[in-house]
Amino acid sequence: MEALRKYREMVERGINPDTVSYTVLIDGFSKEGSVGKVVGFLKKMLKDGVMPNVITYTAIMLGFCKEGKFEKAFRLFKEVQDMGIEVDEFMYATLIDGACRKGDFDCVFHLLDEMEKKGIKPSVVTYNIVINGLCKVGRTSEADNVFKEVAGDIITYSTLLYGYTEEGNIKGIIKTKEKLEKSGLCMDVVACNILIKAFFMVGAFEDARALYQAMPEMDLNADSITYCTMIDGYCKVGRIEEALEVFDEYRVSLVSSVACYNCIISGLCKQGMVDMAIQVIIELGEKGFILDMGISMMLIRAAFAQMGAVGVMNFVYKLENFGSDTYNSLCDDAIRFLCKRGFVETATEVYFVMRRKGLILMKSSYNLVLEKLIYGGTTSLVGPFLNFFLKDYGLVEPIVGKILAQYLCLNNTDIALRFLKKMKEQVSTVSLPPSILKNIVKEGRLLDAYKLILEASESFADMDVVDYSFLVHALCKEGYPNQALNLCSFAKNNGITPNIVTYNSVINGLCCQGCLVEALRLFDSLERIGLVPSTVTYATLIDNLCKQGLLLEAKNLFNGMMYKGCKPNIRVYNSFIDNYCKFGQMDEALKLLSDLENKSVKPEEFTVSALIYGYCMKGDMEGALTFYSEFKMKNVSPDFLGFIHMVRGLCAKGRMEEARSILREMLQTKSVVELINNIDTKIESESIESFLVFLCDQGSIQEALVVLNEIASILFPSQKWFTVHQESQALNNGLKSETLSAVSTVSAGSNKISDSDGAAECYDIGKEESQFRSFDFYYSLLSSLCSKGELHKANKIMNDMLSSLQGDM
DNA sequence: ACATTATAAC
């Protein structure tokens, strides 16, 4: 910069710069890494009629090499020779260094040969360059060997020593150190620094310390690198006291370097000495150094490891008096860190500290905070934060519109649509992540998701076939096959072709709606749109045909699939077996079972259950039990329904003890959680009842209640886990240790959907006494009814209770 | 008068 000013002064005064002035400038820019400016000056030079010399070109080549553009440097080298300029050792050395940094050693040795042919004898500098190049790629021994005839200088030894240290080659270090001592060369600071590092590498801490202390006698002053090497060397082996001692020596020295601070801070963090690390950071700030962001991040991590989110908060508070730029990015980092670790609330506290100081959060950090708040954070903070974001960045900033639209979509489709429309007209189209649809569906607002896509399709340009298929699947599952089909053609119009997976969902959806004919028609049309039916396609249709009793059609389809080379899986066989069993054709079912076993298709839970059901239907409990034990030995147990069938069958015959032991076996193979997960899909209410009776008989009323609570959460999904939590809190208050297991099961459930904030909120709501009392009332009534086995009455009371609690919410 | 080589921390 200074050089540039002098140059301008020269031009202003009408003094024409000569080759040397230009060369000095070019060299400066080359070293600074701005080759663009260098080329500009070269052109200007030529225009002014000032001829560049070999030194000018060397400087330019250096610039190219520094930028990693070795090819350009090499081309220039050729051009220079073509111009008839005699190249010298400097130029070769520069080029060889470039080739080394590129790792092109063929070129390096070729250039050395060329030099020799031209009669240019390489000096120790050139050799050092090559040695350094080899050391940097881990070929230190080779470098040592190849150039052992060359009389090295202090740089040669330093380079080799450093190479061996990096490679961890202890023998190499010792050998080189001895050679260096024998050479009688005078040590300089760099050599000392490298030797100290080597001493630490081999574990010779005393030697490292001795050399460090002997430096003044050698007329050498420790520099920042000396201090860093010493501090880091001690820190790496956990000798923090000695590191601190050196750091104190650095403090009273004339050396000033932020790197020394960074070294000791990182060492303190690794030792978990967070408080002292913060002290050092404060001192660093007072000295006017810039806080390295990597270092502040390290402290955030260390503070978190020691004290959790509070530790991070504490760190932020303690650095309040730092320069605002540094403090701003520190807060940004802390906020992002806390969000990522799941502590949005603490992150918002940090944000308020920032705000008080008039600092502004980065866009992406705002976005992160809002995402965490919207998807599972404190709801009441979402509004204020959307406001702050909007005020700081405005709606013109796409990311603001995006998060705002996401929030609206999750809350009110119509407002969201109006917003999206306005944005499109007045600002720009807001693009939304397809994943938001999953969240809307999760809230049970399937048709809202559907509406959003149709009416704001520009905002969903990123949707792929999987995203569409997800929604098609959900629509089918909830009984909207027509909307699903409509979505398929909508997707196609938007350039996303639905695949066989998508259509499988539609086919299944149509079947579930009882539209078997339409499903078959869709199946027939698949070929026309170039889709090949998969095993799932066939399995779906065959299963539904079987369920409708259309066995002949099912068999035709089965033959069709075999003909097309599509292998039937266990699900296909299950459909037939289930059908035979339901109609008492056990022989047919058993024949098919042995068939599929011959084809090495493995029976699964459902297969076994279907057959057990068949036996039970016929009242053949011996058959059922024998079949059960036979498959138990093969490690295939029935599903819940299979167990329940056996229990019922045995109960009907008055074989209570056997029923009990089967139930016990069921509880051994299946966990309560697994049962709960199956309630809404596979188990009908009667079976739940049998299960509850069993639990009550065993005296596990709490467990029975947990199951009931789970049912409540399925019946009233909008309440999510709130009710359940309130109840378990109440249980906890009323029954203490007896119910703790129940509470933990429920807690596990609410953790599963990560609704910890919901749980906390519940707790607050639950503090209002009236609710507890009302629950206690229900609870005592229920438990006495359950213990008497009056399940029907208990069920009725339970329903009353659930609806009354629902009213309270 | 101008050009080439070695060392520290996250």
Side-chain angles (χ1 to χ4, degrees), chain A residues 3 17-28 30-31 52-63 65-66 73 87-98 100-101 122-136 140 143 147 152-166 176 180 187-198 200 222-233 235-236 243 246-247 250 255 257-270 277 284 289 291-302:
Chain A
D18 62 356
T19 306
V20 175
S21 335
Y22 271 116
T23 304
V24 172
L25 269 171
I26 285 175
D27 182 54
S30 271
K31 288 204 172 95
N53 62 17
V54 66
I55 300 173
T56 322
Y57 285 117
T58 305
I60 298 172
M61 275 166 51
L62 180 76
C65 290
K66 270 236 156 75
V87 295
D88 61 4
E89 196 208 338
F90 277 107
M91 196 172 250
Y92 269 110
T94 307
L95 201 61
I96 287 172
D97 190 50
C100 282
R101 283 173 209 278
S123 72
V124 69
V125 175
T126 306
Y127 284 124
N128 284 343
I129 288 170
V130 181
I131 290 169
N132 182 47
L134 287 168
C135 288
K136 285 276 145 62
T140 307
F147 298 98
D153 61 4
I154 190 70
I155 294 182
T156 319
Y157 287 105
S158 300
T159 309
L160 286 169
L161 211 44
Y162 183 72
Y164 282 132
T165 306
E166 285 289 280
T176 313
L180 171 61
M187 292 288 281
D188 61 7
V189 180
V190 177
C192 283
N193 292 343
I194 292 173
L195 197 52
I196 289 172
K197 195 183 167 90
F200 273 111
D223 64 5
S224 65
I225 299 177
T226 318
Y227 290 115
C228 279
T229 311
M230 288 294 295
I231 293 171
D232 192 55
C235 286
K236 279 212 172 91
V246 177
F247 182 64
Y250 153 77
V255 178
S257 157
V258 70
C260 294
Y261 279 94
N262 293 345
C263 272
I264 193 73
I265 292 166
S266 97
L268 289 167
C269 283
K270 277 182 198 138
L284 174 155
F289 286 125
L291 177 57
D292 185 289
M293 280 306 124
I295 293 289
S296 71
M297 207 51 224
M298 201 163 67
L299 246 152
I300 289 173
R301 277 193 212 103

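- Here A/Tyr162 lies in heavy-atom contact (under 4.0 Å) with sugar-phosphate atoms only.
- Across all strands shown, A/Asp223 has no heavy atoms under 4.0 Å from either base or sugar-phosphate atoms.
- Take A/Phe147 and apply the side-chain contact (heavy atoms from CB on, under 4.5 Å) test, not counting sequence neighbours, and it matches A/Tyr127, A/Val130, A/Ile131, A/Leu134, A/Val150.
- Contacts of A/Asp88 with the nucleic acid, taken as non-hydrogen atoms under 4.0 Å apart, include base atoms.
- The footprint of chain A on DNA chain B, defined by a heavy-atom cutoff below 4.0 Å, extends from B/dA1 to B/dC10.
- Contacts of A/Arg101 with the nucleic acid, taken as non-hydrogen atoms under 4.0 Å apart, involve only primed sugar atoms and P, OP1 or OP2.
- Across all strands, A/Asn132 comes closer than 4.0 Å only to sugar-phosphate atoms, never to a base (heavy-atom distances).
- Annotation: the span from A/Ser266 atom OG to A/Asp232 atom CG amounts to 6.0 Å, rounded to 0.5 Å.
- Heavy atoms of A/Ile194 sit under 4.0 angstrom from primed sugar atoms or phosphate atoms, though from no base atom.
- No engagement by A/Ala59 is indicated, since no non-hydrogen atom pair under 4.0 Å with the nucleic acid exists.
- Within the nucleic acid shown, A/Thr159 comes within 4.0 Å of sugar-phosphate atoms alone, with no base atom in reach, counting heavy atoms only.
- Residue-level contact check: A/Lys270 touches the backbone only, with heavy atoms under 4.0 Å from sugar-phosphate atoms and none from bases.
- Side-chain contact between A/Met187 and A/Leu180: present, with at least one pair of heavy atoms (C-beta onward) separated by less than 4.5 Å.
- In this structure, the side chain of A/Tyr250 engages the main chain of A/Ser257 through a donor-acceptor pair within 3.5 Å.
- No engagement by A/Thr19 is indicated, since no non-hydrogen atom pair under 4.0 Å with the nucleic acid exists.
- A/Cys228 comes within 4.0 angstrom of a nucleotide base, judged by non-hydrogen atoms across all strands.
- Using modelled atom types, one finds a donor on one side chain and an acceptor on the other under 3.5 Å when comparing A/Lys136 with A/Asn132.
- A/Ile60 contributes atom CD1, which lies 6.5 Å from atom OG1 of A/Thr56 (distance to the nearest 0.5 angstrom).
- For A/Phe200, the ring pair (Phe, Tyr, Trp, His ring centres under 6.0 Å) partners two or more places apart in sequence, or in a different chain, are A/Phe205, A/Tyr234.
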